[in-house]
Amino acid sequence: MHLQNNVVQSSLLHKELRRLIEFKLLTPVFQPIMAVENPRIIGYEALIRGPETSPLHKPDRLFAVARASRLLASLEFACREVSCERFVELNLPGKLFLNMSPISFTDSQYRDGVTREILQRVGLSAERLVFELTESQPLDELDLLCAASDHFKRQGFAVALDDLGAGYAGLRVWSELCPDYVKIDRHFIAGIDKDPVKREFVRAILDIAHRMGHKAIAEGIETAAEFTTLVTMGVDYAQGYFIAHPQALPATELPANLVQLSGASMHRYHDHFTRRVGEIVVDCAFVEPSVTAETLVKMFRADTRLTCMPVVDQGRPLGMVSRAEILNIFSRRFAHELYAQKPVSEFICALSIIVDVNADLKTVGQLISEDPGQNLSVDFIVSDKDQYLGVGKVRDLLRSITEEKLRVARHSNPLTQLPGNVPLYEWVDHLLLHQKAFVVAYCDINHFKPFNDAFGYSAGDDAILNLGRILCAAVDSQQDFVGHVGGDDFIVVFRCADWQQRCEQILAEFTRMSERLMPDATTDYWSTDRQGRRQKFGALTLAIGAVEPDLAQCKTHHQISQLLAEAKQSAKQEGGNRLFLSRRRQPSGAHY
């Protein structure tokens with residue numbers, strides 16, 4: 001009887017699934033994926049729900065029945081269609097991430113070309129689609145995953161490897177697929193702010209991804225602590241309930257508090273000295289849109305140095321024509337008869353990039369590298385107030401970005417990745433030179449060495465990392481500067497008016513954090529101080545010594561350093577979590 005009931009139940013679910021597929025009674029919900037640098041939404045993952053009154057409302061049940069019924073391909077086609085339709089209908093920005101089960105390739109209902117038909121009907125370009133493939137099959141079935149990846153790449157779609165680290169052979173699959181995106185499994189994200197082992201795994205994943213030119217997406221982020229930890233570690237993209245829940249009507253912009261938190265966590269020295277596109281723009285000839293393709297082909301053949309040509313209409317840039325693309329077209333049989341007299345405007349690259357002369361190099365680099373379909377041999381057009389100015393060479397852009405990254409890396413603390421002494425001195429000297437008022441605060445953890453000796457270097461590193469996050473989250477990322485000058489010593493340069501309230505916030509957050517760092521049910525411990533004496537210590541505390549320099553008297557960072565050392569010492573002498581504001585605004589008896 002029990003077996004008979006199961007058969008009946010299975011038959012009913014099979015019929016229900018066919019009904020949902022046939023009448024497309026499937027509802028897509030969209031979860032945003034955000035870029036961490038220059039915070040913005042870069043795309044949405046489409047997730048599917050059945051009707052609320054249906055036994056197949058939840059996606060796990062829905063797809064389980066589809067696999068059992070050998071209707072997985074039919075269900076995925078239906079999901080793909082309703083997702084694309086709704087994505088276009090809502091006019092959502094960025095890319096659409098669609099889930100795909102490689103095993104559906106073995107489904108008798110699978111047929112090729114369906115996705116192209118859907119895209120043509122709804123008016124969505126292939127460059128905006130990313131297929132997420134899940135590495136959930138045993139080793140002997142991984143050929144399905146590779147076949148799926150090759151299939152989609154040949155058609156111009158991008159590919160993401162989903163749930164990296166949760167399957168059977170993560171690194172092997174990654175190396176064989178070479179996906180455009182890798183999505184780090186939720187297992188490594190949950191509680192990463194408290195788990196140094198998970199941080200090491202994620203650091204390794206990020207390092208491999210960046211070396212291979214792949215974009216890493218941390219998915220399943222649910223807390224602010226997880227988010228800020230991942231941001232400071234250098235993750236490219238983020239997704240999860242903390243950013244936004246999947247919704248039928250998703251937001252198209254990030255909330256201000258999330259942008260601010262991301263900016264604070266990403267706080268870096270080079271944000272204060274931004275390099276602009278104007279530094280690398282070069283003058284370049286252009287053609288009018290009415291010029292014939294034959295004329296442009298002759299220009300390319302006459303000058304082998306020309307890799308592309310801007311098309312400009314009465315001063316307004318329209319796009320770029322690629323040498324390789326148009327010469328390839330004219331190499332075909334009967335091409336001259338078909339295309340010679342057509343205007344060059346018809347040959348403009350679909351992915352032409354036009355940027356403002358004041359755009360920063362980092363943002364333009366992201367724009368070019370984010371799209372896997374972008375042709376890196378085609379330069380980008382630079383405009384000034386929507387008028388053609390010249391072109392930017394991709395090689396010059398990449399060289400400038402690399403130089404800046406190397407410079408920042410040389411002067412960054414290896415643990416927190418925050419800027420060290422050199423950029424701090426440069427920033428202070430810059431403010432002094434331009435007579436811009438500021439307050440500088442020295443943050444030093446009290447009794448850090450005894451804590452480190454008692455609980456180990458890993459616990460000490462956690463304390464330093466957490467202090468760095470607290471500082472970055474508390475400052476105004478648009479005005480203030482956070483530097484890590486060594487060990488447990490940090491310096492903050494405040495330009496915001498409410499700096500004292502922010503310091504009090506830092507002290508309160510540090511108090512809560514330091515209590516969490518203590519082992520369960522432990523309020524104190526025995527350790528050795530710097531003089532070698534054994535004594536009892538409690539939770540870590542933070543001393544902040546602050547100075548507001550007299551701009552008329554202080555001329556270099558050396559003078560600021562002298563004032564700051566005295567303020568720090570006074571704050572430490574008072575003990576506990578303390579903010580000490582020095583009354584002295586200029587060093588005494590010193591000449592520089």
Q) Is the CD atom of Gln314 crowded by more than 12 outside heavy atoms at less than 6.0 Å? A) no
Q: Examine distances only and state if a side-chain atom of Lys215 and a backbone atom of Ala160 form a donor-acceptor pair shorter than 3.5 Å.
A: no
**Q.** Approximate separation, where rounding is to 0.5 Å, of Leu517 CG and Asp462 CG
**A.** 6.5 Å
Q. What heavy-atom pair brings Val277 and Val382 nearest, and what distance separates the two atoms?
A. CG1-CG2, 3.6 Å
Q: Report yes or no: does Arg128 contribute a side-chain atom to a donor-acceptor pair with the main-chain N or O of Gly94 at less than 3.5 Å?
A: yes
Q: Hey, could you give me the CG/SG distance between Leu467 and Cys443, rounded to the nearest 0.5 Å?
A: 6.5 Å
Q.
Is there a side-chain contact between Glu219 and Gln31 in this structure, where contact means two heavy atoms from C-beta onward sitting under 4.5 Å apart?
A. no
Q) Taking the six-membered ring for Trp, are Phe451 and Phe455 parallel (under 30°), tilted (30 to 60°) or perpendicular (over 60°)? A) tilted
Q: Would you confirm whether Lys572, through its side chain, and Ala543, through its main-chain N or O, come within 3.5 Å as a donor-acceptor pair?
A: no
(Q) Using side-chain heavy atoms (C-beta onward) and a distance below 4.5 Å, is Tyr525 in contact with Met518? (A) yes
Q: May I ask you to test the His210-Asp236 pair for a side-chain heavy-atom distance under 4.5 Å?
A: yes
Q. Under 4.0 Å between a Lys/Arg side-chain N and an Asp/Glu carboxylate O for Glu509 and Arg469?
A. no
(Q) Does any part of the side chain of Ser582, heavy atoms only, come nearer than 4.5 Å to the side chain of Glu566, both counted from C-beta? (A) no
Q: For residues Phe438 and Phe481, establish whether the separation of their ring centroids is below 6.0 Å.
A: no
Q | Over 12 non-hydrogen atoms of neighbours within 6.0 angstrom of CD in Glu253 | A | no
Q: Nearest 0.5 Å please: distance from the CZ atom of Phe242 over to the CD1 atom of Ile221.
A: 8.5 Å
Q: State, without any angle test, whether Gln501 and Asp498 hold a side-chain donor-acceptor pair at a distance under 3.5 Å.
A: no
(Q) Tell me the closest heavy-atom pair linking Asp529 and Gln531, and the distance in Å. (A) OD1-N, 2.9 Å
Q. Would Ile243 and Leu254 satisfy side-chain contact (heavy atoms from CB on, under 4.5 Å), going step by step from the backbone distance to the final call?
A. CA-CA 8 Å; Ile243 295 156; Leu254 296 171; 4.3 Å; yes
Q: Of all the heavy-atom pairs spanning Val391 and Pro310, show the shortest one and how long it is.
A: CG1-CG, 3.6 Å
Q) What do the steps show when you test His214 against Leu161 for side-chain contact (heavy atoms from CB on, under 4.5 Å), and what is the final call? A) CA-CA 10 Å; His214 303 162; Leu161 177 58; over 6 Å; no
Q.
I'd like to know whether CZ of Phe201 has more than 12 heavy-atom contacts from other residues, nucleotides or ligands below 6.0 angstrom.
A. no
Q) After noting the C-alpha distance and the side-chain angles of Arg276 and Glu279, does the key distance pass the salt bridge (charged side-chain N to carboxylate O under 4.0 Å, His left out) rule? A) CA-CA 6 Å; Arg276 306 289 178 184; Glu279 296 180 33; over 6 Å; no
Q) Are Asp193 and Thr228 close enough that some pair of their side-chain heavy atoms sits under 4.5 Å apart? A) no
Q.
Please verify the inter-ring angle class for His434 with His430; under 30° counts as parallel, over 60° as perpendicular, anything in between as tilted.
A. tilted
(Q) Under a 3.5 Å threshold, yes or no: a donor from one side chain and an acceptor from the other, between Thr541 and Asn446? (A) yes
Q) At what distance, to the nearest 0.5 angstrom, does SG of Cys308 lie from NZ of Lys393? A) 5.5 Å
Q: Show the numbers, then the answer: is there a salt bridge (charged side-chain N to carboxylate O under 4.0 Å, His left out) between Glu226 and Arg186?
A: CA-CA 11 Å; Glu226 292 171 356; Arg186 165 69 187 156; 3.2 Å; yes
**Q.** Residue pair Leu398, Arg395: steps toward the side-chain contact (heavy atoms from CB on, under 4.5 Å) verdict
**A.** CA-CA 5 Å; Leu398 297 178; Arg395 65 173 181 270; 5.9 Å; no
Q: Inspect the contact between Arg203 and Asp207 and indicate whether a charged nitrogen and a carboxylate oxygen are less than 4.0 angstrom apart.
A: no
Q. Do you know which two heavy atoms are closest between Arg585 and Pro549, and how far apart they sit?
A. NH2-O, 3.1 Å
**Q.** Heavy-atom pair of closest approach, residues Tyr388 and Pro317
**A.** N-CD, 3.7 Å
Q) Any side-chain heavy atom of Ile208 within less than 4.5 Å of one from Trp174? A) yes
Q: Dump the intermediate steps for side-chain contact (heavy atoms from CB on, under 4.5 Å) on Ile184 and Leu206, then the final yes or no.
A: CA-CA 9 Å; Ile184 305 171; Leu206 292 175; 4.3 Å; yes
Q.
Counting C-beta onward and ignoring hydrogens, is there a side-chain heavy-atom pair between Ile464 and Phe448 closer than 4.5 Å?
A. yes
Q. Between Arg578 (side chain) and Ala571 (backbone), is there a donor-acceptor pair under 3.5 Å?
A. no
Q) Does any non-hydrogen side-chain atom of Asn577 lie less than 4.5 Å from one of Ser514? A) no
**Q.** Shortest non-hydrogen separation from Arg199 to Ile192 and the atoms involved
**A.** NH1-O, 3.0 Å
Q.
Which label fits Phe97 and Tyr181: parallel for a plane angle under 30°, tilted from 30 to 60°, or perpendicular past 60°?
A. perpendicular
Under 3.5 Å, sequence neighbours excluded: what are the donor-acceptor pairs made by side chains of residues 487-494?
from, atom 1, to, atom 2, distance (Å)
Asp488, OD2, Ile445, N, 3.2
Asp489, OD2, Tyr442, OH, 3.1

Q. Above 12 or not: heavy atoms from other molecules or residues under 6.0 Å from CG of Asp524?
A. yes
**Q.** Rounded distance [0.5 Å steps], OG in Ser527 versus CG in Asp453
**A.** 5.0 Å
Q: Kindly compute the distance separating NE2 (His557) from CD1 (Ile560), expressed to the nearest 0.5 Å.
A: 10.0 Å
Q.
Classify the ring geometry of Tyr44 against Phe87: parallel below 30°, tilted from 30° to 60°, perpendicular beyond 60°.
A. perpendicular
